Amino acid sequence: MRKINTLFRESNHTTDSQFNNLTKQANAHLNLRQFWEAIAPKMLSQSSFAGSLNNGQLTIYAYNASVAAKIKLTSASLLTQLQNLQKTDTFYRECKVTSIMVKVQVKSQPKPLIKTPRKLSNQASISLKNLANVLGDTPLADKLKHLANKS
């Protein structure tokens, strides 16, 4: 945001008012998104975003229907948190929210899930090896030995 603000300050005087209006709108939108992210649980804030605030109605866009349903179910609690934040934090005083409207806006490309490799503990590895020894010469014992050796 700082780079674009610098560009707006360097423009000529004829377009200054247009750039200033655009800058104000961009800042207001950024503040609205931060306002939503400040109170929304992490799962909801990662799967949704604040779109607009018109006449006290905050429009939230969810990336899928299940997130939208969760927001609708918890909207009373979220609304209370928004109003409390607006009262306590001077940065959000202009964000007067009286209701929340939820819309679904499906993302075209979902975020890829990053799988973290899981490892067996030493105790689990020893237990698998012991079980494989008890089973003797079977295909299951071979698979258990292979799994125990990966840890």
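Since the structure is predicted, the reported quantities are computational estimates derived from the model, not experimental observations. Atom set for the values below is all heavy atoms of this structure, side chains included, hydrogens, waters and symmetry mates excluded. For reference, positions follow the sequence shown, starting with 1.
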Q: Can you measure from CZ (Arg33) to OG (Ser48) and round to the nearest 0.5 angstrom?
A: 10.0 Å
Q) Where do Ala148 and Ser125 come nearest, in terms of heavy atoms and distance? A) O-OG, 2.9 Å
Q: Determine whether Leu78 and Leu85 fall in the same hydrophobic cluster, where Ile, Leu, Val, Met, Phe, Trp and Tyr are linked whenever their side-chain heavy atoms lie under 4.5 Å apart.
A: yes
Under 3.5 Å donor-acceptor pairs involving side-chain atoms of residues 50-63, not counting sequence neighbours:
none

**Q.** Nonpolar side-chain network containing Met101, other nodes, edges under 4.5 Å
**A.** none
Q) Does Val102 share a hydrophobic cluster with Trp36, counting links as ILVMFWY side-chain heavy atoms below 4.5 Å and allowing steps through other members? A) yes
Side-chain donor-acceptor pairs under 3.5 Å in residues 130-144, sequence neighbours left out?
from: Asn130; atom 1: ND2; to: Ile126; atom 2: O; distance (Å): 3.4
from: Asn133; atom 1: ND2; to: Lys129; atom 2: O; distance (Å): 3.3
from: Thr138; atom 1: OG1; to: Ala141; atom 2: N; distance (Å): 3.1

Q) Which heavy atom in Val97 sits nearest to a heavy atom in Ser99, and how many Å separate them? A) CG1-O, 3.5 Å
**Q.** Euclidean distance, Gln86 CD relative to Gln81 CD, rounded to 0.5 Å
**A.** 14.0 Å
Q | Shortest non-hydrogen contact between Ile100 and Ser75, atoms and distance | A | CD1-O, 3.9 Å
(Q) Taking Leu44 as the starting point, is it possible to reach Ile39 by hopping between hydrophobic residues whose side chains are less than 4.5 Å apart? (A) yes
Q.
To the closest 0.5 Å, what do you measure between NE2 (His146) and CG (Leu128)?
A. 12.0 Å
